[in-house]
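Shown next, in structure tokens, is the structure this report addresses.
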Amino acid sequence: MDYNPREIENKWKAYWKEHEVYKVENPASGESEKPKFYVLDMFPYPSGAGLHVGHPLGYIASDIFSRYKRMSGFNVLHPMGFDAFGLPAEQYALETGIHPAKSTSENMERYRTQLDNLGFSFDWSREVQTCNPKYYKWTQWIFLQLFDHYYDNQENKSKPITDLVQHFEQNGNAGIDAANSQEGSFTAEEWNAMSKQDQEEVLMNYRLAYRKIGYVNWCEELGTVLANDQVKDGVSERGGYPVIQKAMKQWYLRITAYAERLLNDLEEIEWTDALKTIQSNWIGRSEGASMFFDIVGSDEKIEIFTTRPDTIFGATYMVLAPEHDLVEQLTTADQKQAVDDYISYVKAKSEVERQAEKEVTGAFIGAYAINPFTNEQIPIWIGEYVLKDYGTGAIMAVPSDDERDQRFAKKFGLQIIDVVDKSKYPGATLSDKVGVIINSGFMNGMEVPEAITAACQKAEEMGIGKMHINYKLRDANFGRQRYWGEPFPVIYDADGLVHGLPLEELPLMLPDTDDFKPTKGGRSPLARLEDWTNLSDGRSRETDTMPAVAGSSWYYLRYMDPDNEDAFAGQNAVNYWQDVDLYVGGSEHAVAHLMYARFWHKFLHDKGLVPTNEPFKKLINQGMIQGVIEFIYLDKNSPEDARRFVSAEIAAQEPDGDFAKIPVHIDYVTDYGSDKSYLNLAGIKQFIDWRPDYANASFESATGTYKSGVFDSPGGAADITFVTLSEVGKMSKSKFNVINPDDVIEQYGADCFRMYEMFLGPIEQSKPWDTKGISGVSSFLRKFWGLFFDAQGTFSVSEEPASKEEMKILHTAIKKVTTDIERFSFNTCVSAFMVATNDLRKLNCNKRAVLDPMVRLVAPFAPHAAEELWLRLGGMDGMKTVQEAGFPQFDEKYLVEDSITYPISINGKKRALADFPADASKEDLERDALALEEMQKWLEGKTVRKVIVVPKRMINIVVG
RNA sequence: GCGGGUGUGGUGAAAUUGGUAGACACGCUAGACUUAGGAUCUAGUGCCGCAAGGCUUGGGGGUUCGAGUCCCUCCACCCGCACCA
């Protein structure tokens with residue numbers, strides 16, 4: 001029988017479904033005969049374009065690993081679900097009027113079908129959808145827990161806010177060391193005398209979920225708040241309208257409370273160093289001093305943070321962030337115009353643009369501060385390189401020892417005083433913390449580290465500052481002015497006080513609407529639903545919704561116990577599954593999702609609700625599979641009613657600026673993805689059918705010109721070769737280059753698709769999609785299948801014992817595949833299968849002793865074919881699936897060699913190969929190698945200075 | 001700007017601890033079989049060279065008996081930067 005993937009795969013997909021082969025049970029408390037293993041994929045956002053060939057890369061890898069672990073005797077949890085709230089569905093709703101719930105649910109269904117088509121071993125009975133009220137009930141509940149807790153720095157854990165209130169009632173905020181944004185101190189009497197509102201204001205500065213003013217990208221023209229990636233060059237991506245930074249009161253999460261733990265605990269998890277570095281840079285811990293500078297003629301003080309307090313004698317001016325609270329108050333009348341102009345210049349820029357700005361910009365505000373160590377008056381400036389949200393939003397500028405300060409000082413003619421003598425450290429850069437302090441009073445002669453301590457001590461004695469650890473990590477903005485997200489489960493009373501809803505009232509359902517446009521002032525569409533928003537007695541609901549990161553911060557816990565109605569997950573389930581053993585996903589989630597999930601997990605751990613300190617023990621990143629975008633050149637100067645397109649070779653001869661690149665649907669392109677990709681006449685016709693506005697356009701190429709149905713070729717060519725431009729880029733609906741795995745599977749089968757994606761290269765590497773090599777994998781599968789059948793196509797397996805050579809081929813493959821799965825090197829596993837199959841074919845081997853373990857070995861990779869072959873081998877006896885058969889174990893005894901082929905080098909260059917006995921001594925090897933006939937011409941007339949022999953590896957003869 | 005990553009044949013790549021560079025595939029060349037081939041099989045295929053041999057892992061330098069692998073330096077490309085998910 002020929003290998004017919006379609007038939008086999010449909011049969012087994014149906015069988016798996018019917019027999020619930022991949023359903024996983026939570027063992028009753030205490031008993032678990034098998035060790036647990038939790039393999040998780042980052043769940044997808046179900047986009048309208050459907051699953052493309054890039055998505056499955058990680059899923060295939062994790063599925064192979066899950067199947068391998070299952071066959072190795074583990075109880076494997078391998079679930080899947082959907083990150084179903086998010087902006088694209090809402091954007092789509094705005095354009096089409098189709099409700100996000102509807103489009104999302106359709107998209108999820110489509111994804112599910114596509115995922116099933118790939119033969120994954122997901123336990124779908126555990127599916128979670130973040131937009132399902134049964135799920136977001138618990139997202140809301142966790143949010144309320146955050147709202148009801150503060151972080152105690154002494155005990156290093158979060159505690160109920162009621163504890164804090166009790167403390168305030170008795171002691172004010174003295175003696176409390178908590179993560180907070182409270183300014184100043186108050187006594188118990190002061191606390192008790194405060195109004196409810198004032199008390200709530202204070203508590204907001206401690207809660208882990210709290211409200212404060214934040215800045216958003218506001219586009220007046222569109223009447224909406226924009227995401228950073230919807231803003232390009234200070235204008236909206238859609239429409240190109242101006243965007244400014246607008247202040248809005250919003251919900252935040254106090255992730256900074258966990259900064260130290262998020263940083264330190266990176267040590268206990270197996271993530272790549274690159275990923276850990278990204279997280280640790282994101283957290284951005286720096287040690288230094290916070291200090292207060294007095295202001296001439298004002299009672300206000302400017303608080304700064306510096307990592308270099310030792311250079312304070314060189315602080316000749318200060319720079320505030322343009323948004324700093326004191327700017328307005330301190331600006332003098334004659335500088336007002338300049339300052340206002342500068343602020344409006346800054347407001348039009350995004351933070352990334354501000355930091356990327358190479359030119360130094362700033363404005364003097366007219367006021368002066370006093371350097372507390374030199375008592376000199378120093379001017380106060382504002383500049384975009386100082387960020388409002390980093391540190392205190394103000395710096396003491398030391399132009400002698402900070403590069404940016406130096407450029408600023410040089411541009412604006414500010415004083416520069418050298419305070420660090422680096423002559424003892426040749427090659428040290430400005431930012432290296434080395435040197436001897438000069439021009440600095442009591443610190444003169446000290447080395448930098450010593451001076452840092454001394455400066456902190458002095459500042460503390462003077463009562464103007466202290467040692468301080470600063471983090472770049474900021475509290476996360478947790479509010480979105482959008483419809484399609486979790487509603488905040490809170491109610492504002494008539495006095496504006498926030499009340500969390502009790503558990504019985506959860507979930508707070510997202511109300512239905514058909515109008516997804518933002519409400520005036522940038523408020524969410526929910527604000528338009530007055531019946532929902534406004535309650536009796538002047539009470540109202542929050543109209544912001546939660547960001548997509550909310551639902552994804554804890555979904556991995558829900559899979560453990562997805563139907564629990566009394567808790568986010570039952571304690572039995574959580575204590576059994578513990579944490580994720582292997583997490584596979586894209587590195588684009590390196591900070592946001594992975595940081596918030598770690599934060600929520602630690603918070604739940606503090607509450608005693610999860611047993612582990614970290615959610616994801618091991619994590620691997622899969623690379624992206626990019627698409628190729630095909631463009632054709634449109635002459636921008638051609639008239640509207642007679643557009644002129646030119647083939648790439650013609651465009652190359654004319655100035656670049658004359659052409660616009662129009663993306664073409666890749667289905668129309670011949671030789672898609674190659675440098676020679678082109679449209680033929682049929683392709684051009686398809687293009688015109690698709691874009692009828694170009695019906696009258698001309699298409700010029702070296703082979704001739706096509707216009708209005710006529711192809712005129714001077715050379716008499718029968719068809720046009722209209723060359724397109726191929727560029728590697730994201731696979732996206734808007735680029736018309738999405739490749740649906742279903743189409744590939746239709747042609748080659750899911751087993752082939754799975755193996756081919758693995759065969760493409762290392763899992764973590766990005767690469768453009770290319771089907772060039774798929775035939776190699778396809779023919780491998782046919783050859784492998786062929787091992788089990790005779791020339792007449794009859795299933796035929798021999799019971800004869802296997803030869804030594806055959807056993808060696810088998811065990812070489814088992815060893816290679818086992819070690820390579822363990823190190824996530826799936827591409828080399830596929831090679832190993834090919835090598836084994838080629839070798840067995842040469843020996844015409846059809847022996848059960850070899851083929852039975854081979855089937856179990858390929859089962860994780862090609863599960864459908866493996867099931868069919870396993871059934872035919874008679875292995876199904878008493879089992880539902882080959883997954884229940886054990887994974888083959890290799891035995892070194894089949895791998896021992898009698899002789900070893902040694903490369904023999906002269907001065908490190910290979911000159912000969914020779915076989916020597918495996919147990920030959922170093923001395924024998926050296927003697928025999930030197931005696932080899934083919935070596936004599938290299939040794940002639942030379943002195944052998946040294947012979948290096950590495951047994952079982954190589955021999956190197958050094959001559960001179 | 002800050003941070004992360006990647007550079008090896010015509011192409012995707014392999015080389016697990018510093019020890020035979022290019023496994024395994026694609027493509028290409030030649031041949032066999034066939035009515036036919038975008039099927040299958042066999043052989044060859046890093047580059048230069050008739051050969052002997054030389055060169056070769058982005059460029060340059062270093063350490064070493066030996067470097068794709070370690071160190072220094074330069075270059076190119078890709079990704080992320082807090083409201084895309």
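A note on names: the letters A, B, ... follow the listed sequences, proteins ahead of strands, and every chain is numbered from 1.
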*asked:* Going by the glycosidic torsion and a 90 degree boundary from 0, is the base of B/G60 oriented syn or anti?
replied: anti

Atom pair distance, as rounded to whole Å: [atom1] in [X] and [atom2] in [N]:
X: A/Arg254; N: B/A82; atom1: CZ; atom2: P; value: 21 Å
X: A/Glu384; N: B/G1; atom1: CD; atom2: P; value: 14 Å
X: A/Tyr3; N: B/A39; atom1: OH; atom2: P; value: 18 Å

*Do A/Trp484 and A/Thr545 have a side chain donor and acceptor closer than 3.5 Å?*
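Looking only at side-chain atoms, A/Thr545 and A/Trp484 do not form any donor-acceptor pair under 3.5 Å.
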
*Answer with yes or no whether the side chains of A/Trp271 and A/Gln279 bring together a donor and an acceptor at under 3.5 Å.*
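No, because no side-chain N or O of A/Gln279 sits under 3.5 Å from a partner of the opposite role on A/Trp271.
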
*Taking the side chain of A/Lys772 as heavy atoms from C-beta outward, which of B/U11, B/U20, B/A15 is closest to it?*
B/U11

*Candidate nucleotides B/C83, B/C84, B/U16, ranked by approach to the side chain of A/Pro88 - the nearest*: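 Closest nucleotide among those given: B/C84.
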
Distance below 4.0 Å between [X] side-chain N/O and [N] OP1 or OP2:
X: A/Arg782; N: B/A39; answer: no
X: A/Arg474; N: B/A82; answer: no
X: A/Asn956; N: B/G19; answer: no
X: A/Gln765; N: B/A13; answer: yes
X: A/Asn838; N: B/A25; answer: yes

*Starting at the 5' end of RNA chain B and moving along, which residue's nearest nucleotide shows up first, A/Leu760 or A/Gly776?*
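Here A/Leu760 is the residue nearer the 5' end.
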
_If you assign A/Met954 and A/Gly479 each to the RNA chain B nucleotide with the nearest heavy atom, which residue ends up on the more 5' nucleotide?_
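Looking at the nearest nucleotide for each, A/Met954 comes out on the 5' side.
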
*Confirm from the modelled atom types if A/Gln250 and B/C83 form a donor-acceptor pair under 3.5 Å, side chain to base only.*
yes

*Could you tell me whether A/Glu90 and A/Arg480 make a salt bridge, using a distance below 4.0 angstrom between a side-chain N and a carboxylate O?*
no

*Hey, mind stepping through A/Phe85 and A/Tyr136 against ring-ring contact (aromatic ring centres under 6.0 Å, His included) and telling me if it holds?*
CA-CA 10 Å; A/Phe85 274 134; A/Tyr136 70 66; 5.8 Å; yes

